[in-house]
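All remarks here apply to the structure that follows.
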Amino acid sequence: PAGGEFAFIDRLTSRLPGPPAGEIWIGDDAAVLGPVGSRTLLTTDITAAGVHADLALMGLDDLGWRAVATAVSDIAAMGGRADHILVAVAAPPSTDLDTLYAGVAEAAAAYSCSFVGGDLSNAPDLVVVVTVQGTADGEPGPVLRSGAHSGDHLFVTGSLGASAAGLRTLRAGVEDPALAEAHRRPRARLAEGDAARRAGATAMIDISDGLAADLAHIARASAVGFRLDTVPVAPGATVEEAVGGGEDYELVMAVPDATRLTAAFTAAGLRPPIRIGVCTSDPSQRQWEDREFPPTGFEHHWS
């Protein structure tokens with residue numbers, strides 16, 4: 001839709017100067033800057049209370065963790081390493097900043113990235129903005145959304161729908177520990193992204209808006225279609241939550257060599273990736289078994 005975030009990003013991109021040769025600016029999970037062989041990755045992400053997080057269902061420390069993890073996940077989707085974070089917070093005067101920043105510090109430590117600064121301001125509502133600087137050393141370089149080819153296998157790093165199911169059950173007053181953890185403290189898949197990059201992944205994205213929406217981003221950027229054989233559903237989640245729930249932050253990967261990818265994950269001590277389908281030559285194809293893959297997922301809108 002014309003008022004959707006993705007349509008606006010397209011309009012904004014058309015108004016701005018393009019990047020110099022070899023760099024990637026707007027349009028992927030992170031910007032890619034600097035010389036080939038030592039690429040700098042740069043991304044930023046907003047977590048707004050009441051939009052991305054319900055403080056009736058999670059603590060301020062959970063929100064701080066979540067803000068960092070979701071931003072770091074963009075670096076994971078490029079196959080990179082997260083090096084430094086900046087955290088800007090706008091919050092009501094009553095906000096317990098110590099608890100919020102405890103979650104930020106926990107996540108920074110978990111992802112081995114240094115918290116190097118940021119900004120603070122009063123505001124009517126709580127908003128946390130995390131900027132991450134990362135690196136993708138050596139060759140192959142960062143994995144973009146736009147490199148998939150017909151015949152590439154599609155994999156995900158784990159089963160889907162747990163975060164959406166966690167939100168649903170928490171709203172119903174049910175505290176399922178695994179589902180609640182998946183919603184409150186999602187995990188950025190840095191090691192998996194690095195393994196996929198080194199195994200020759202041609203395209204990759206993290207599942208923030210939902211499998212259907214994020215696969216469509218790869219298909220659009222790479223000018224391919226896709227045919228899925230399966231959608232792995234997390235225990236306790238529904239098929240609908242796995243397809244369109246979003247905020248799982250598992251990775252979708254397109255790879256020419258399925259055996260090489262699986263071997264790379266095994267060598268790194270990671271969970272085996274799950275094959276879900278294949279890229280096809282028809283850019284309009286969105287097939288799931290014998291049906292059309294539903295056009296679902298989350299998108300912000302403005303009038």
Side-chain angles (χ1 to χ4, degrees), residues 18-45 68-87 104 107-118 130-149 152-153 155-158 186-208 214 217-218 221-222 249-273:
E23 293 193 352
I24 304 294
W25 289 0
I26 296 174
D28 220 295
D29 286 276
V32 180
L33 310 173
V36 173
S38 182
R39 311 310 299 271
T40 295
L41 307 175
L42 197 61
T43 187
T44 193
D45 201 77
V68 173
T70 57
V72 168
S73 183
D74 286 334
I75 301 296
M78 309 294 287
R81 177 185 71 241
D83 296 321
H84 305 96
I85 62 170
L86 295 164
V87 180
V104 168
Y111 297 119
S112 301
C113 54
S114 301
F115 176 16
V116 298
V130 178
T131 299
V132 188
Q133 176 268 320
T135 308
D137 292 324
E139 294 297 331
V143 184
L144 309 182
R145 299 177 182 181
S146 55
H149 301 95
D152 284 353
H153 304 274
F155 281 82
V156 291
T157 54
R187 304 285 167 163
R189 301 298 178 184
L190 283 168
E192 289 86 344
D194 179 69
R197 177 171 71 94
R198 297 181 187 280
T202 56
M204 193 153 56
I205 193 170
D206 67 331
I207 301 177
S208 55
D214 291 313
H217 292 326
I218 284 182
S222 297
Y249 300 102
E250 299 290 352
L251 302 179
V252 181
M253 305 158 288
V255 296
D257 188 336
T259 301
R260 184 181 174 193
L261 179 73
T262 301
F265 273 54
T266 300
L270 302 169
R271 300 175 302 172

Under a 4.5 Å cut-off applied to non-hydrogen side-chain atoms, are D214 and S208 in contact?
yes

Polar side-chain atom of R271 near backbone of T157 as donor-acceptor pair, under 3.5 Å
yes

Of all heavy-atom pairs linking R145 and M204, the shortest is CG-O, 3.8 Å

Any idea which heavy atoms bring L41 and A30 closest together, and the distance?
CB-CB, 4.4 Å

Looking at T266 and T262, would you say the former's side chain and the latter's main chain have a donor-acceptor pair under 3.5 Å?
yes

Distance check, rounded to the nearest 0.5 Å: H84 atom NE2 versus T135 atom OG1?
8.0 Å

CA sep, side-chain torsions, deciding dist, call: F155, L251, side-chain contact (heavy atoms from CB on, under 4.5 Å):
CA-CA 8 Å; F155 281 82; L251 302 179; over 6 Å; no

To the nearest 0.5 Å, what is the distance between CZ on R260 and CZ on R198?
11.0 Å

CD of E192 to CD of E250, rounded to nearest 0.5 Å, is 7.5 Å

Are the side chain of T202 and the backbone N or O of P256 linked by a donor-acceptor pair below 3.5 Å?
no

Applying salt bridge (Lys or Arg N to Asp or Glu O under 4.0 Å), name anything that partners R81, two or more places apart in sequence or on another chain.
D83, D137

Do the non-hydrogen side-chain atoms of V143 and M78 ever get within less than 4.5 Å of each other?
no

About how many Å separate CD1 of I218 and OG of S146, when rounded to the nearest 0.5 Å?
10.0 Å

Would a distance-only check, ignoring hydrogens and angles, find a side-chain to backbone donor-acceptor pair under 3.5 Å from R189 to A76?
no

Closest approach of A148 and S222, non-hydrogen atoms and distance?
N-OG, 3.1 Å

Apply the side chain to side chain contact (heavy atoms under 4.5 Å, CB included) test between T131 and each candidate in V116, I85, L86; give the one that qualifies.
L86

Taking all non-hydrogen atoms of both residues, which atom of A108 and which atom of V68 are closest, and how far apart?
N-CG1, 4.2 Å

Validation row: D74, V132 side chains within 4.5 angstrom (heavy atoms):
no

For V255 versus A201, what's the shortest heavy-atom pair and its separation?
CG1-CA, 3.7 Å

Determine yes or no for a side-chain-to-main-chain donor-acceptor pair under 3.5 angstrom, with T44 supplying the side chain and V130 the backbone.
yes

Has the side chain of R39 got a donor or acceptor atom that lies under 3.5 Å from a matching backbone atom of G34?
yes

Minimal non-hydrogen separation, G147 against D152, with atom names:
O-OD2, 4.4 Å

Dump the intermediate steps for side-chain contact (heavy atoms from CB on, under 4.5 Å) on D29 and D206, then the final yes or no.
CA-CA 8 Å; D29 286 276; D206 67 331; 3.0 Å; yes

Using only atom types and a distance under 3.5 Å, with no angle test, would you say the side chain of Y111 pairs donor to acceptor with the backbone of A188?
yes

